[in-house]
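Per chain, numbering begins at 1; letters A, B, ... match sequence-line order.
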Number of protein chains: 2
Amino acid sequence: MNKIEYNLDQTDHAILRLMQENARISNADIARELGMAPSAILERIKKLEQREVILQYRTKINPAALDQTLLSFIFIRAADGIGCATTGQALAAIPEVQEVHDIAGDDGYLVKVRTADSAALVELMRNSFAKIPSIISTRTTIVLETVKEEQQLVIPE
Amino acid sequence: MNKIEYNLDQTDHAILRLMQENARISNADIARELGMAPSAILERIKKLEQREVILQYRTKINPAALDQTLLSFIFIRAADGIGCATTGQALAAIPEVQEVHDIAGDDGYLVKVRTADSAALVELMRNSFAKIPSIISTRTTIVLETVKEEQQLVIPE
DNA sequence: ACTGAAAGCTGGCCTCG
DNA sequence: CGAGGCCAGCTTTCAGT
């Protein structure tokens with residue numbers, strides 16, 4: 001497992017800054033902003049996608065519009081061996097599970113789940129979580145209000 | 001604070017499903033997929049944006065490409081009065097802080113932070129967190145590996 | 001690695017069913 | 001609410017530097 005060199009220059013950073021904010025910006029608009037030809041921008045974007053600097057383009061939908069207003073974080077203790085990540089993969093396969101993080105200490109996972117309400121959360125835990133045999137215990141934390149929720153990275157320059 | 005009715009139909013759901021997966025899909029492609037005219041799709045998308053069903057279009061960038069490989073969750077106990085959310089807002093203003101959730105119990109916040117390494121995390125806590133006087137205590141959990149990290153919602157039909 | 005030109009296609013608007 | 005037509009402007013390719 002080598003460390004990959006990405007070697008992004010200021011132009012790449014500027015493109016990423018614009019696209020991170022608005023994934024549907026046109027190449028022509030980026031080109032105007034940076035004083036370059038649209039074809040040059042297109043070429044760079046394609047390379048950024050190829051080198052997996054850009055991972056995907058996502059539309060953020062209002063959870064309330066789809067009746068998924070309850071957000072919860074669940075700590076999960078699991079009986080995985082070291083380096084064996086089957087529990088994590090089983091959790092990741094559940095669509096209501098948005099995030100699965102392997103965390104330090106307690107041989108555990110931190111999981112982020114979105115459901116309609118607490119009844120749906122209980123049902124999800126009974127139906128999906130209970131079927132993962134390696135889970136030892138869970139501790140659920142309910143979110144009352146989300147103040148900020150972004151995946152925006154800090155881009156230099 | 002009224003509950004808003006969104007009243008999305010199957011066509012809206014189909015559009016959201018396609019756009020959630022790929023924010024840069026063209027209206028023409030959506031139209032072909034659904035067997036409709038592009039102008040009809042355009043109209044629906046505009047209404048979805050207007051009604052804030054669609055919140056934003058985001059490009060997901062590889063954190064490793066920008067040297068931000070350390071992900072941490074921090075529990076923060078704060079001395080806010082009930083309903084008074086100044087601590088949350090101060091936390092949200094920090095760019096490295098990706099998420100701030102007001103959580104039930106312990107009058108606390110759960111915060112998600114991305115930094116280059118543990119040294120940068122320590123520095124961030126010394127420089128930024130320490131300047132928020134209402135913070136009583138913090139407990140930091142380091143992420144060893146992220147198995148899944150999406151904001152994709154489950155869309156019916 | 002960027003520019004500029006050329007071809008085809010798309011976005012956005014309008015009118016009509 | 002959606003189809004179809006229209007044109008400016010966009011995407012994409014390619015030769016040239």
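Note on A:Asp29 versus A:Arg24: no salt bridge recorded, every NZ/NE/NH1/NH2 to OD/OE distance being 4.0 Å or above.
Under 3.5 Å, the side chains of A:Thr87 and A:Ser134 contain a donor-acceptor pair of N or O atoms. Residues B:Tyr6 and B:Glu52 have side chains that never bring a donor and an acceptor to within less than 3.5 angstrom of each other. Side chains of B:Tyr109 and B:Glu99: no donor on one and acceptor on the other come within 3.5 Å.
When atom types are taken as modelled, the side chain of B:Thr140 and the backbone of B:Ile74 share no donor-acceptor pair closer than 3.5 angstrom.
One interatomic measurement links the two molecules: NZ of A:Lys46 to P of C:dC2, which rounds to 15 Å at whole-angstrom precision. The distance between atom CD1 of B:Ile45 and atom P of C:dG11, rounded to the nearest whole Å, is 9 Å. Note: CZ (B:Arg44) to C1' (C:dC13) measures 19 Å, nearest angstrom. What separates CG of A:Leu42 from C1' of C:dC2 is a distance of 13 Å, to the nearest Å.
A 4.0 Å heavy-atom criterion places the boundary nucleotides of DNA chain D facing chain A at D:dC10 to D:dT13, written 5' to 3'.
Within residues 15-31 of chain B, no residue has any heavy atom closer than 4.0 Å to DNA chain D.
Comparing B:Met36 and A:Arg32 along DNA chain D, the residue whose closest nucleotide (by nearest heavy atom) sits nearer the 5' end is B:Met36.
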Might you work through the side-chain contact (heavy atoms from CB on, under 4.5 Å) test for A:Leu121 and A:Ile142, ending with a clear yes or no? CA-CA 10 Å; A:Leu121 176 63; A:Ile142 297 290; 4.0 Å; yes
Evaluate the criterion side-chain contact (heavy atoms from CB on, under 4.5 Å) for residue pair A:Ile103 and B:Leu144; output intermediate values, then yes/no. CA-CA 5 Å; A:Ile103 57 176; B:Leu144 299 176; 6.0 Å; no
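Note on residues 148-157 of chain A: pairs passing salt bridge (Lys or Arg N to Asp or Glu O under 4.0 Å), not counting sequence neighbours, are A:Lys112-A:Glu149, A:Arg114-A:Glu149, A:Glu150-B:Arg58.
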